[in-house]
Chemist: 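I'd like to ask some things about the structure below.
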Amino acid sequence: MARLAKADIHKALDKAANHILEAGGSDGITSREDIRKKLTQLQGVERRLVDVFYRFMDHRDASSGARITKKDVEETVAYAKARMIDKYDLNQNGLSKDEISKMSLTGKLAVAFARILKRAALINDDTKSKALTQQIDELAPNLYFDDFGSEAAIQIKSFYLDTKLGELTEANFNKVLDLDPSDPNQQLARFEEIGDFWEAFVDVQMEEYKAQARDLVELLRANLTGMRVIIQGADNVSVDSEHPVYVVGLTPWGDIVGFESFVVWT
């Protein structure tokens with residue numbers, strides 16, 4: 001895994017700190033009630049980092065449980081950058097996997113969020129959806145689809161279609177893939193909202209690849225909307241036992257992106 005620059009992690013801490021300051025509103029003081037409301041607007045690693053970082057600020061405060069001021073936030077951010085991030089970069093050449101492993105929970109969450117921000121930044125320019133696909137390619141190796149009653153776990157790979165859609169529906173998915181719904185092999189057996197799929201997806205991975213799977217989930221959550229699990233080929237009717245699976249959503253530019261695999265129904 002490539003080394004991560006301290007500056008990237010600093011940006012993640014700054015973003016978390018800004019959430020804490022914003023939660024306090026115009027009076028510049030963030031209470032526990034304020035932060036609870038703010039956390040309902042966040043998700044994934046970002047939500048957990050803000051929660052843990054606020055708790056750390058509260059613990060450092062002279063009277064734990066009191067409200068957090070702008071000064072508290074600024075002092076804690078400076079401390080965290082110096083003592084929870086920078087000191088682990090022993091060779092001053094970016095943080096390695098081993099150096100990151102020695103960090104506190106707050107530091108590790110900041111690292112995870114920094115990686116998400118870096119990936120998101122890659123698709124905020126002219127590279128658009130293809131950059132996201134490249135990031136999926138980097139995270140896909142050793143990850144498998146093994147759900148919906150599949151009789152085998154099948155490797156996943158990135159999926160990308162230049163479509164410029166306004167929404168992802170069963171009808172327009174059929175259209176862009178040129179599928180014939182009257183053909184049992186081509187009709188969609190499932191076209192479902194993502195629901196609780198992500199938890200199951202991470203759970204079935206080998207232990208050493210669960211963190212990688214979580215990174216993939218966070219990447220897709222951060223950059224795609226309207227995500228669906230789609231299975232092609234009618235069960236007990238179609239000829240093929242391997243049914244294509246697409247776990248996809250739309251990029252901000254309307255392209256279909258995600259990953260594909262197979263379920264095996266015999």
Side-chain angles (χ1 to χ4, degrees), residues 119 122-123 127-206 209-210 212-266:
R119 291 177 187 131
L122 285 176
I123 67 166
T127 58
K128 297 185 177 181
S129 301
K130 290 185 179 179
L132 177 57
T133 306
Q134 291 169 1
Q135 291 293 305
I136 296 170
D137 282 332
E138 291 181 8
L139 291 169
N142 302 306
L143 299 183
Y144 292 83
F145 185 95
D146 188 8
D147 205 342
F148 294 90
S150 183
E151 297 168 36
I154 308 293
Q155 172 80 46
I156 70 169
K157 63 178 181 179
S158 67
F159 181 84
Y160 164 71
L161 280 176
D162 183 358
T163 54
K164 304 302 182 284
L165 297 173
E167 62 178 333
L168 181 57
T169 66
E170 186 169 347
N172 60 31
F173 187 80
N174 278 328
K175 184 176 181 180
V176 296
L177 265 68
D178 195 25
L179 298 176
D180 178 5
S182 67
D183 179 349
N185 282 308
Q186 297 186 50
Q187 64 184 242
L188 302 182
R190 293 179 182 267
F191 189 92
E192 301 182 357
E193 293 184 358
I194 205 72
D196 58 1
F197 169 79
W198 291 133
E199 182 178 348
F201 173 73
V202 172
D203 189 58
V204 300
Q205 308 305 322
M206 295 179 65
Y209 299 117
K210 288 186 186 294
Q212 181 179 321
R214 293 188 192 98
D215 285 348
L216 177 59
V217 170
E218 293 293 343
L219 175 68
L220 299 180
R221 278 177 166 167
N223 293 294
L224 299 176
T225 59
M227 292 209 69
R228 299 288 188 271
V229 178
I230 305 168
I231 301 178
Q232 178 187 328
D235 191 17
N236 296 322
V237 178
S238 58
V239 175
D240 298 331
S241 61
E242 289 192 350
H243 299 249
V245 174
Y246 309 93
V247 180
V248 294
L250 293 181
T251 68
W253 306 276
D255 299 324
I256 299 177
V257 173
F259 62 80
E260 61 179 314
S261 185
F262 292 91
V263 293
V264 178
W265 293 334
T266 58

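Predicted model, so just to flag it, every value in this text is computed and none were measured. The figures that follow rest on heavy atoms only: side chains count, while hydrogens, waters and symmetry mates do not.
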Chemist: Looking only at heavy atoms, which two atoms of S158 and T133 are closest? And how far apart?
Modeler: OG-CG2, 3.5 Å
Chemist: Roughly how far apart are K175 NZ and E170 CD, rounded to 0.5 Å?
Modeler: 15.0 Å
Chemist: Does D196, at its CG atom, have more than 12 non-hydrogen atoms belonging to other residues, nucleotides or ligands within less than 6.0 Å?
Modeler: no
Chemist: Do you know which two heavy atoms are closest between G254 and T163, and how far apart they sit?
Modeler: O-OG1, 2.7 Å
Chemist: Checking side chain to side chain contact (heavy atoms under 4.5 Å, CB included) between L161 and each of V248, D255, V257, L177, which is the one that passes?
Modeler: L177
Chemist: Roughly how far, to the nearest 0.5 Å, is the CD atom of Q134 from the CG atom of D137?
Modeler: 7.5 Å
Chemist: Under 4.5 Å between any side-chain heavy atoms of D147 and V263, yes or no?
Modeler: no
Chemist: Between E192 and F148, is any pair of side-chain heavy atoms under 4.5 Å apart?
Modeler: yes
Chemist: Less than 4.5 Å apart, side chain to side chain, heavy atoms only: is that true for F191 and L168?
Modeler: yes
Chemist: Measuring from L220:CG to M227:CE, what's the distance to the nearest 0.5 Å?
Modeler: 5.0 Å
Chemist: Return the minimal non-hydrogen interatomic distance between Q186 and Q232, and the atom names on each side.
Modeler: O-CG, 3.6 Å
Chemist: Got a second to check how far W265's CH2 is from S150's OG, nearest 0.5 Å?
Modeler: 8.5 Å
Chemist: Taking atom NZ as the centre, does K210 end up with more than 12 heavy-atom neighbours from other residues, nucleotides or ligands that are less than 6.0 angstrom away?
Modeler: yes
Chemist: Any sub-3.5 Å donor-acceptor pair from E151's side-chain atoms to T266's backbone N or O?
Modeler: yes
Chemist: Begin from the C-alpha positions of L216 and W198 and carry the test side-chain contact (heavy atoms from CB on, under 4.5 Å) through to its verdict.
Modeler: CA-CA 10 Å; L216 177 59; W198 291 133; 6.0 Å; no
Chemist: Would you check if the side chain of Q155 reaches a backbone N or O of L143 as a donor-acceptor pair within less than 3.5 Å?
Modeler: yes
Chemist: A213 and F201: which non-hydrogen atoms are nearest, and at how many Å?
Modeler: CB-CE2, 4.1 Å
Chemist: Please walk me through it: do I194 and V229 pass side-chain contact (heavy atoms from CB on, under 4.5 Å)?
Modeler: CA-CA 6 Å; I194 205 72; V229 178; 3.7 Å; yes
Chemist: Please step through side-chain contact (heavy atoms from CB on, under 4.5 Å) for the pair L188 and I231, ending with a clear verdict.
Modeler: CA-CA 6 Å; L188 302 182; I231 301 178; over 6 Å; no
Chemist: Calculate, to the nearest 0.5 Å, the distance between atoms NZ and CG belonging to K164 and D162 respectively.
Modeler: 3.5 Å
Chemist: Check R214 against V202 and note the closest heavy-atom contact, atom names and distance.
Modeler: CG-CG1, 3.9 Å
Chemist: Under 3.5 Å, is there a donor-acceptor pair between the side chain of N223 and the main chain of L219?
Modeler: yes
Chemist: Checking the side chain of N185 only, and the main-chain atoms of G233 only, is there a donor and an acceptor separated by less than 3.5 Å?
Modeler: no
Chemist: About how many Å separate CG of D235 and CZ of R190, when rounded to the nearest 0.5 Å?
Modeler: 8.5 Å
Chemist: May I ask you to decide if E167's main-chain N or O and N172's side chain share a donor-acceptor pair within less than 3.5 Å?
Modeler: yes
Chemist: Of all the heavy-atom pairs spanning A189 and A234, show the shortest one and how long it is.
Modeler: CB-CA, 4.4 Å
Chemist: Check whether any side-chain N or O of Q212 sits under 3.5 Å from a backbone N or O of L139 as a donor-acceptor pair, and report yes or no.
Modeler: yes
Chemist: Decide side-chain contact (heavy atoms from CB on, under 4.5 Å) for L224 and T251; before the verdict, give the C-alpha distance in whole Å, the side-chain angles of both, and the deciding distance to 0.1 Å.
Modeler: CA-CA 5 Å; L224 299 176; T251 68; 3.7 Å; yes
Chemist: Check whether any side-chain N or O of Q205 sits under 3.5 Å from a backbone N or O of Y144 as a donor-acceptor pair, and report yes or no.
Modeler: yes
Chemist: Hey, which of F145, F259, F173 is the one that makes ring pair (Phe, Tyr, Trp, His ring centres under 6.0 Å) with Y246?
Modeler: F173
Chemist: Just by modelled atom types, is the I154 backbone N or O under 3.5 Å from a matching donor or acceptor in the S261 side chain?
Modeler: yes
